[in-house]
Amino acid sequence: MQPYKILPSILAANIMNLEEDIRTIFAANSHKMLHIDVMDNHYVPNLSFGPIIGAAILEKFPEAELDVHIMANPIDSLINEFASLGVKRLSIHHDSTIHLNRQLNKIKDLGIAAGLALNPATPIDILQWCHTQLDFILVMSVNPGFGGQSFIAATLDKIAMIKKLYPKIKICVDGGIHSNNIKDVFQAGAVEFVIGTGLFRTPSYVQTLDKFHKLLTE
Ligand code: DX5
Ligand code: ZN
C-alpha cells in the first residue's frame with residue numbers, strides 16, 4: 001500500500017464534467033477518495049458545495065470515500081446531514097464552533113473519521129487539548145475560501161512541528177500543492193495531499209497523478 005494519498009479537491013473541477021472527471025480520476029488513483037469543500041459565505045468569503053452535491057456523487061459512485069472539509073458556521077446540522085449520507089471523514093475548524101471537543105466527539109460517535117483543520121495562522125497549541133480525538137489533522141497551506149492560491153511556505157515548518165509532537169496522527173495538507181512542492185510537503189511529514197488546481201486544471205489527470213506518484217516514490 002502506498003504510504004501517501006492524493007485527495008482530488010472537486011472545488012477546481014469543471015462541474016459540467018464532474019461525472020466523467022471523477023470516473024477518470026478513480027481509474028488513475030489508487031483509492032476512491034474525494035475532498036469536498038463546504039463553504040458558506042460566512043466562515044469563508046465564498047460559497048461552494050453542500051450535502052446535495054455529496055449525495056449526487058455517492059448516488060453515481062457509491063464506492064466514493066468523501067472527505068468533507070467544513071468551512072461553515074454553524075456546523076451542527078451539517079455534521080448530521082453529511083453523516084446521514086455516509087461520508088468517511090469530516091474536518092472542522094476550531095473557530096467555527098464554541099465547543100470543539102463536543103463536535104469532534106459527535107463526529108467520532110457517528111462513526112466518521114474526525115479531522116481538525118488549522119488555518120495558516122492558527123497556533124498548533126490547540127492540538128494539545130484535542131489530539132486524542134483526532135484521526136487526522138488538516139493543515140491549511142492557504143487561507144481557506146478559494147482554490148488556486150499560492151502555497152504558504154511557512155506551512156513546511158508547521159507540518160514538521162506537528163509531526164514531531166504527534167507522530168501517530170496523519171497530516172493532510174490542503175492548498176497550493178503542485179509538482180514543485182509536493183515532495184517538500186511529504187518530506188516535512190505530511191502523508192495526504194489535497195489537490196484541486198494542480199490536478200483538475202491540468203490537461204491530463206492520468207499524467208498528472210502519475211507525475212505526483214513518481215515524485216513521491218523516487
Ligand atoms: C481551500 C480549500 C482547498 C482547495 C485547494 O479553501 O480548502 O481544498 O480546493 O485548492 P488548490 O489545490 O487549488 O489550492
Ligand atoms: Zn479543503
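Counting starts at 1 for both ligands and their atoms, following the listed order. FYI, the numbering just counts along the sequence from 1.
Donor-acceptor pairing under 3.5 Å is recorded for the side chains of Q133 and N105. Side-chain contact check for T155 and S141: no donor-acceptor pair (N or O, by modelled atom type) lies under 3.5 Å. For the residue pair D37 / H35, a side-chain donor-acceptor distance below 3.5 Å is found, with atom types taken as modelled.
Looking from atom 5 (C) of ligand 1 to the surrounding protein, the closest heavy atom is D174 OD1, 3.5 Å. Residue, atom and distance of the protein heavy atom nearest to atom 12 (O) of ligand 1 are G196 N, 2.8 Å. Of the protein's non-hydrogen atoms, the one nearest atom 10 (O) of ligand 1 is G147 CA, 3.7 Å.
Close approach of ligand 1 to G175 (heavy-atom distance below 4.0 Å) involves ligand atoms 14 (O). Listed by atom number, the atoms of ligand 1 under 4.0 Å from H69 heavy atoms are 7 (O). The ligand atoms of ligand 1 that sit less than 4.0 angstrom from a heavy atom of P144 are 6 (O). With ligand atoms numbered from 1 in the order given, ligand 1 contributes 11 (P), 12 (O), 14 (O) to contacts under 4.0 Å with heavy atoms of G176. Counting the atoms of ligand 1 from 1 in the order shown, those under 4.0 Å from a heavy atom of S9 are 4 (C), 8 (O), 9 (O). Close approach of ligand 1 to M39 (heavy-atom distance below 4.0 Å) involves ligand atoms 6 (O). Those atoms of ligand 1 with a heavy atom of D37 less than 4.0 angstrom away are 2 (C), 3 (C), 4 (C), 7 (O), 8 (O), 9 (O). Near V194, with a cut-off below 4.0 Å to any heavy atom, the atoms of ligand 1 are 8 (O).
Applying the side chain to side chain donor-acceptor pair (under 3.5 Å) test to residues at least two apart or on different chains, none of the pairs has a partner in residues 45-62. Residues in residues 151-168 take part in no salt bridge (charged side-chain N to carboxylate O under 4.0 Å, His left out) pair, two or more places apart or across chains.
Among protein atoms, those of element N, O or S found less than 2.8 Å away from the Zn ion (ligand 2) are H35 NE2, D37 OD1, H69 ND1, D174 OD2.
Ring orientation note: the planes of H93 and Y43 are tilted relative to one another, at an angle of 30° to 60°.
By the 3.5 Å distance cut-off applied to N or O atoms, H35 is counted among the residues near ligand 1. Inclusion of L11 in the set of residues having an N or O under 3.5 Å from an N or O of ligand 1 is not warranted. Residue T197 places at least one N or O, backbone or side chain, under 3.5 Å from an N or O of ligand 1.
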Residues 189-199 side chain polar contacts: donor-acceptor under 3.5 Å, at least two apart:
from	atom 1	to	atom 2	distance (Å)
E192	OE1	R89	NH1	2.9
E192	OE1	R89	NH2	3.0
E192	OE2	R89	NH1	3.2
T197	OG1	G148	N	3.2

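Side-chain contact between L127 and D125 is absent, with no heavy-atom pair separated by less than 4.5 Å. Residues W129 and L100 are not in side-chain contact: their nearest non-hydrogen atoms beyond the backbone lie 4.5 Å or more apart. At a threshold of 4.5 Å between non-hydrogen side-chain atoms, the residues D174 and V139 do not count as touching.
No more than 12 heavy atoms of other residues, nucleotides or ligands shown are found within 6.0 angstrom of NZ on K211. Within a 6.0 Å sphere centred on NZ of K108, other residues, nucleotides and ligands contribute more than 12 heavy atoms. For Q207, the CD atom is loosely surrounded, since the number of other residues' heavy atoms within 6.0 Å does not exceed 12.
A heavy-atom separation below 4.0 Å is found between F146 and ligand 1. Within the 4.0 Å heavy-atom shell around ligand 1 one does not find R201. Distances from ligand 1 to the non-hydrogen atoms of M71 include at least one value under 4.0 Å.
In this structure, of G145, G148, G198, the residue bringing a heavy atom nearest to atom 11 (P) of ligand 1 is G148.
The proximity of A12 to ligand 1, defined as any non-hydrogen pair under 4.0 Å, does not occur for either the backbone or the side chain.
Aromatic rings from Y4 and H213 are positioned such that their centres are separated by under 6.0 Å.
The shortest non-hydrogen separation linking Q128 to H131 is O-CD2, 3.5 Å.
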